[in-house]
Amino acid sequence: MTSSKSAPSTPGARITARKITIDLTIMTAIGVVLAFIGPFGSFTEPLAYRLISWVGFAWLGYAIYSPINAIADRLSEALDLPRVFTWGLTVTLATVPMAIAVWLVSRMPGPYPMPSVQVAAEQYFYVWIVGGGITAFFYLIEGRHVPASIPTSHPSDPEPQTEAASPVAPAVELAAPSLSPNPLLDALPAELGSDVVALEMEDHYVRVHTALGSELVLMRLRDAMTHVSDVEGRQTHRSWWVARGAVEDVQREGRNVRLILARGVEAPVSRAQVSELKDAGWI
């Protein structure tokens with residue numbers, strides 16, 4: 001999971017395995033609860049059948065719906081659409097294969113007659129309610145609601161100079177890490193150093209980019225930003241924080257703006273932030 005070559009037993013790989021284990025444990029618990037409740041007419045089936053089918057559906061749903069948040073983020077950025085709209089769109093699309101799978105499994109071993117429009121619509125609606133509700137639950141516990149305008153510069157930092165002629169902010173020395181315990185820096189492998197150049201949100205985790213590589217840390221972006229408050233930087237996108245001194249260039253493609261950082265890392269800039277970064281002398 002890091003940018004350096006490493007074995008699957010690296011901290012990043014362990015974090016990913018831990019994430020999947022936790023998620024599947026939650027999905028198993030949800031499947032068991034649904035089995036005992038027996039929604040959508042399934043209560044008439046034997047408990048053993050309900051347990052197998054609902055837990056199986058929960059695991060299948062995790063495989064289908066889990067990529068939604070990342071896809072919704074990319075669509076929101078690429079199409080300049082509200083995050084809630086792209087999330088709803090991806091849930092609606094992902095429900096199609098899930099509804100088909102539920103319809104096929106519930107009629108095993110067959111036959112499989114072509115459902116009427118009404119039956120298909122009802123089946124889709126029920127799956128959409130369950131799948132969308134569980135996906136929204138994961139969305140909320142991931143702590144993804146981070147306002148794009150949260151300032152992360154230290155309150156005592158001087159106002160940035162805006163008269164610089166360079167198209168990017170002048171390089172400044174990153175502040176040395178504090179000697180007090182820092183959960184974010186302490187979670188990084190020693191070979192990555194402690195000069196944080198960017199933070200990138202990835203589902204339940206934050207990818208910490210340093211001048212030497214990157215690593216996943218089990219932490220919300222909001223919390224991670226508090227641990228780099230002594231570094232001059234700001235949140236450039238709902239899923240990115242960037243250290244000002246790490247900006248090496250600015251890339252523009254139409255209305256899309258990206259900050260080029262060390263090691264070729266590209267940090268997107270939301271369109272709402274472009275004018276603020278211009279006023280602050282970043283671009």
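For this chain, numbers begin at 1 and follow the sequence in order. What you see is a predicted model, and the numbers here were worked out from it, not measured in a lab. Computation of the quantities below employed the complete heavy-atom set of this structure, encompassing side-chain atoms and omitting hydrogens, waters and symmetry-equivalent molecules.
Contact check for W241 versus T236: no side-chain heavy atoms found under the 4.5 Å cut-off. The side-chain heavy atoms of R207 and E215, taken from C-beta on, include no pair separated by under 4.5 Å. Side chains of L199 and M225 form a contact here, defined as non-hydrogen atoms less than 4.5 Å apart. Looking at H227 and M219, their side chains come closer than 4.5 Å, going by heavy atoms from C-beta outward. You'll find the side chain of V196 stays beyond 4.5 Å of the side chain of V231, heavy atoms only. The closest side-chain heavy-atom distance from V250 to V269 is not below 4.5 Å. Contact of the I100 side chain with the V102 side chain is not registered, since no non-hydrogen atoms from C-beta on lie closer than 4.5 Å. In this structure, L221 and Q235 have side chains that are in contact, with non-hydrogen atoms separated by less than 4.5 Å.
Every residue two or more places apart in sequence or in another chain that forms a side-chain contact (heavy atoms from CB on, under 4.5 Å) with I129 is listed here: F125. Listed by chain and number, the residues in a ring pair (Phe, Tyr, Trp, His ring centres under 6.0 Å) with W240 are H209 (sequence neighbours excluded). Under the rule for a ring pair (Phe, Tyr, Trp, His ring centres under 6.0 Å), the partners of Y126 that lie at least two apart in sequence or sit in another chain are F40. Take I52 and apply the side-chain contact (heavy atoms from CB on, under 4.5 Å) test, not counting sequence neighbours, and it matches no residue. Annotation: side-chain hydrogen bond (donor to acceptor under 3.5 Å, both in side chains) contacts of Y65 (sequence neighbours excluded): T95. Contacts of A58 classified as side-chain contact (heavy atoms from CB on, under 4.5 Å), with partners at least two apart in sequence or in another chain: M27. Judged as a side-chain hydrogen bond (donor to acceptor under 3.5 Å, both in side chains), and not counting sequence neighbours, the contacts of S239 are H237. Shown here are the side-chain hydrogen bond (donor to acceptor under 3.5 Å, both in side chains) partners of W103, two or more places apart in sequence or in another chain: there are none. Take S66 and apply the side-chain contact (heavy atoms from CB on, under 4.5 Å) test, not counting sequence neighbours, and it matches Y62. With sequence neighbours left out, E122 forms a side-chain hydrogen bond (donor to acceptor under 3.5 Å, both in side chains) with Q118.
The minimum heavy-atom distance between V55 and G31, with the atom names listed, is CG2-C, 4.0 Å. Heavy-atom minimum distance, V91 versus G132: CG1-CA, 3.8 Å. When all heavy atoms of L192 and G213 are compared, the closest pair comes out as CD2-CA, 3.6 Å. Pairing each heavy atom of R244 with each of G281, the nearest pair is NH2-O, 3.5 Å. Of all heavy-atom pairs spanning L184 and A224, the tightest one is CD2-O, 3.8 Å. Contact detail for E248 and L261: the closest heavy-atom pair is OE1-O, 3.6 Å.
Hydrophobic side-chain contacts under 4.5 Å tie V33 into a cluster, directly or through other members, with I37. Residues L93 make up the rest of the hydrophobic cluster containing L89, defined by ILVMFWY side-chain heavy atoms closer than 4.5 Å, directly or through other members.
Between the CZ atom of R252 and the CZ atom of R258 there is a distance of 14.0 Å, given to the nearest 0.5 Å. Distance check, rounded to the nearest 0.5 Å: CG of L51 to OG1 of T28 gives 11.0 Å. Atom CG in L188 sits 8.5 Å away from atom CG in N182 (nearest 0.5 Å). Separating the CG atom in L277 from the OG atom in S270 is a distance of 8.0 Å, to the nearest 0.5 Å. Going from atom CG of L218 over to atom CD1 of I22 covers 6.5 Å, rounded to the nearest 0.5 Å.
Both I134 and V96 belong to a common hydrophobic cluster when Ile, Leu, Val, Met, Phe, Trp and Tyr are linked at side-chain heavy-atom distances under 4.5 angstrom. V274 is not connected to I260 by any chain of hydrophobic side-chain contacts under 4.5 Å among Ile, Leu, Val, Met, Phe, Trp and Tyr, and they are in different clusters. The cluster map of Ile, Leu, Val, Met, Phe, Trp and Tyr, joined by side-chain heavy atoms under 4.5 Å apart, puts Y124 and V119 in different clusters. Under the 4.5 Å side-chain heavy-atom criterion for grouping Ile, Leu, Val, Met, Phe, Trp and Tyr, L34 is connected to F36 within one hydrophobic cluster.
Between E45 and R50 there is no salt bridge, since no side-chain N of the basic residue sits under 4.0 Å from a carboxylate O of the acidic one. A salt bridge links E276 with R234: the distance from a Lys NZ or Arg NE/NH1/NH2 to an Asp or Glu carboxylate oxygen falls below 4.0 Å.
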Going through the checks in order, is the side-chain contact (heavy atoms from CB on, under 4.5 Å) test met by V217 and Y205?
-> CA-CA 6 Å; V217 175; Y205 307 88; over 6 Å; no
May I have the step-by-step check of side-chain contact (heavy atoms from CB on, under 4.5 Å) for L60 and M98, ending in yes or no?
-> CA-CA 8 Å; L60 177 62; M98 187 66 197; 4.0 Å; yes
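Side-chain contact annotation: T135 with W87, donor-acceptor N/O pair under 3.5 Å absent.
When atom types are taken as modelled, the side chain of R263 and the backbone of T210 share a donor-acceptor pair closer than 3.5 angstrom.
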